[in-house]
Participant: 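Pasting a structure here, questions to come.
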Amino acid sequence: MRNTKMDSVKTFLIFMVILGHVIAPYGSGTLNDVNLFVEMIIFSFHMPLFVMISGYFCHYDVKFSSFVKRLLEVFATFLVFQTIRVLISQDYSLTAILTPKYTLWYLLCLVYWRIFVYLLAKRLPWGVILAISIAISLGAGFLPYKILSFQRACAFLPFFVFGTMMREYDITPKIDRIKPGVALAAVIVSLVILVFMENAIGVNMKKDILIAKTMYADSLGIIWRSVWLILASVISLGVYRLVPDTPKLARFGSATLTIYVFHSFFTKQFPYILDATPIPNDLLVNVVYSALVFAVCVLLSKSRIVSYIVKPLRLSK
């Protein structure tokens with residue numbers, strides 16, 4: 001039986017992913033001021049919370065054969081869409097092949113994160129595992145490696161571990177008991193701190209912190225990542241609490257993988273649509289276009305052919 005609360009949150013998050021990627025290509029101009037603020041809000045929680053949910057559904061207590069089958073299923077999906085993206089880009093260099101395209105980093109990282117938890121969950125206490133994941137996240141920023149999504153895999157690892165702990169210690173009911181006003185206040189305060197860091201301190205929130213795909217820009221990077229881990233966790237859990245558990249949202253939860261791997265083919269075209277038309281680049285237009293992309297991807301998810309493309313290996317039951 002599906003978890004309707006998790007499905008509701010996943011639906012909300014995948015729409016935020018689409019909207020964030022519709023806004024993302026634009027970085028200047030008076031019409032984009034609101035867009036850029038909304039983009040920062042979205043990027044502050046959408047992937048950290050998605051990673052937490054992936055951790056929540058990480059079944060480490062299964063037979064090794066079942067674990068490997070699930071890994072191969074995820075990797076096969078990554079391999080199919082990475083191949084498609086490489087062919088479209090027509091860049092066949094080794095670096096291009098080894099660098100996950102656009103949103104595909106998440107699928108490859110999912111393989112890393114699952115292996116990490118599987119190897120340690122039965123050997124170490126969860127507090128120790130979380131501490132190790134935080135140390136890896138903070139330390140990785142000093143290393144100049146980014147191929148195969150190394151930086152993002154390390155940076156987001158604590159969110160995945162915490163997500164697994166949420167199920168292990170049955171934390172979600174406790175989060176659901178938090179008063180909505182308290183959750184909203186925590187989110188707002190955390191966002192205010194992020195805005196302060198961007199405007200008063202001069203930290204490039206998206207480039208240097210939120211997307212976490214490059215090494216630290218300077219020696220202060222470890223401090224900014226530490227702050228990000230804390231604030232992103234607070235915002236993510238606050239958003240989790242605030243998203244309603246409703247069948248209207250939950251009905252799309254099972255389609256999130258299809259939406260995730262296909263939406264970029266449409267969001268990448270949005271700048272060209274704006275350039276070729278008098279349509280303004282404002283938030284309302286971005287939201288409407290995101291809703292259209294969401295609807296198209298939901299329709300695609302109902303196709304049997306598309307489902308085989310998205311999940312070419314079906315090894316686990």
Side-chain angles (χ1 to χ4, degrees), residues 6 10 13 45-79 81-82 98-100 103-172 209-216 221-222 225-226 228-230 232-233 236-237 240 256-257 260-261 313 315-316:
M6 288 295 181
K10 285 166 62 179
L13 288 177
F45 71 85
H46 73 329
M47 291 316 300
L49 184 50
F50 239 134
V51 176
M52 284 184 191
I53 292 175
S54 295
Y56 183 89
F57 288 109
C58 175
H59 298 286
Y60 63 88
D61 52 348
V62 295
K63 293 182 179 179
F64 180 73
S65 58
S66 298
F67 175 75
V68 171
K69 288 177 181 178
R70 291 176 179 176
L71 281 187
L72 290 175
E73 288 176 346
V74 174
F75 186 74
T77 301
F78 163 77
L79 196 60
F81 284 90
Q82 176 71 357
L98 295 179
T99 303
T103 61
L104 299 179
W105 66 270
Y106 175 76
L107 297 179
L108 186 59
C109 288
L110 195 56
V111 175
Y112 302 149
W113 297 327
R114 287 182 176 180
I115 292 175
F116 177 86
V117 168
Y118 186 81
L119 291 177
L120 298 185
K122 297 179 181 179
R123 295 171 174 82
L124 296 172
W126 280 105
V128 175
I129 296 174
L130 181 61
I132 293 173
S133 71
I134 293 173
I136 291 173
S137 176
L138 297 178
F142 291 108
L143 303 176
Y145 308 113
K146 65 178 182 178
I147 62 171
L148 295 174
S149 294
F150 171 81
Q151 286 292 344
R152 278 175 161 169
C154 295
F156 284 89
L157 178 60
F159 298 114
F160 188 86
V161 172
F162 183 75
T164 308
M165 293 174 65
M166 286 171 64
R167 189 187 74 251
E168 188 72 16
Y169 293 104
D170 199 23
I171 294 175
T172 51
I209 300 180
L210 299 181
I211 59 176
K213 71 175 182 179
T214 57
M215 65 182 296
Y216 297 143
I222 190 171
R225 181 165 292 182
S226 300
W228 167 65
L229 288 175
I230 296 171
S233 297
S236 297
L237 295 177
Y240 174 88
T256 51
L257 178 59
Y260 187 80
V261 295
L313 282 184
L315 303 175
S316 60

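Computed from a predicted structure; not experimentally measured.
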Participant: Of all the heavy-atom pairs spanning L110 and S54, show the shortest one and how long it is.
Facilitator: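 Residues L110 and S54, closest heavy atoms: CD1-CB, 3.7 Å.
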
Participant: Flag the pair R114 / Y60 as yes when at least one side-chain heavy-atom distance between them is below 4.5 Å, and no otherwise.
Facilitator: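 R114 vs Y60: side chains apart.
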
Participant: So, the side chain of E168 versus the backbone of F162: is there a donor-acceptor pair under 3.5 Å, distance only?
Facilitator: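 No, E168 side chain to F162 backbone: no donor-acceptor pair under 3.5 Å.
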
Participant: Verify the neighbour count for atom NZ of K63: are there more than 12 heavy atoms of other residues, nucleotides or ligands below 6.0 Å?
Facilitator: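 Not buried by this count: 12 neighbours or fewer within 6.0 Å.
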
Participant: Anything under 30° is parallel, anything over 60° is perpendicular, the rest tilted; go ahead and classify F142 against Y216.
Facilitator: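 If you compare the ring of F142 with that of Y216, the planes turn out perpendicular.
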
Participant: With ring centroids as reference points, do W228 and F159 lie under 6.0 angstrom apart?
Facilitator: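 For W228 and F159, the ring centres are under 6.0 Å apart.
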
Participant: So, applying ring pair (Phe, Tyr, Trp, His ring centres under 6.0 Å) with W105, which one of F78, F156, Y260 is it?
Facilitator: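 Among F78, F156, Y260, the one meeting ring pair (Phe, Tyr, Trp, His ring centres under 6.0 Å) with W105 is F156.
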
Participant: How close do T256 and K10 get, counting heavy atoms only, and between which atoms?
Facilitator: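 So the two residues come closest at OG1-CE, 3.3 Å.
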
Participant: Would you check if I129 and T164 make a side-chain contact, meaning some heavy-atom pair closer than 4.5 Å?
Facilitator: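 A side-chain contact is absent here, since even the closest heavy-atom pair is not under 4.5 Å.
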
Participant: Give the intermediate values and the outcome of side-chain contact (heavy atoms from CB on, under 4.5 Å) for residues L120 and V128.
Facilitator: CA-CA 9 Å; L120 298 185; V128 175; over 6 Å; no

Participant: Should Y240 and M6 count as side-chain neighbours, where that means a heavy-atom distance under 4.5 Å?
Facilitator: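 The answer is yes, as the side chains (C-beta and beyond) meet within the 4.5 Å cut-off.
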
Participant: Heavy-atom distance under 4.5 Å between the side chains of W113 and V117, does that happen here?
Facilitator: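 In short, these two side chains do not touch, never coming nearer than 4.5 Å.
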
Participant: Let me see the working for H59 and R70 under side-chain contact (heavy atoms from CB on, under 4.5 Å), right down to the final yes or no.
Facilitator: CA-CA 10 Å; H59 298 286; R70 291 176 179 176; 3.2 Å; yes

Participant: Flag the pair Y112 / F150 as yes when at least one side-chain heavy-atom distance between them is below 4.5 Å, and no otherwise.
Facilitator: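 With C-beta onward as the side chain, the pair stays apart.
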
Participant: Could you tell me whether the side chain of R167 reaches within less than 4.5 Å of the side chain of F57, counting heavy atoms only?
Facilitator: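 Result no, sub-4.5 Å side-chain heavy-atom pair not found.
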
Participant: If you define the side chain from C-beta out and look only at heavy atoms, does anything of Y56 sit under 4.5 Å from T172?
Facilitator: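 Contact flag for Y56/T172 side chains = yes.
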
Participant: Does a side-chain heavy-atom distance below 4.5 Å link L107 with L257?
Facilitator: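 They are in contact (side-chain heavy atoms under 4.5 Å apart), so the answer is yes.
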
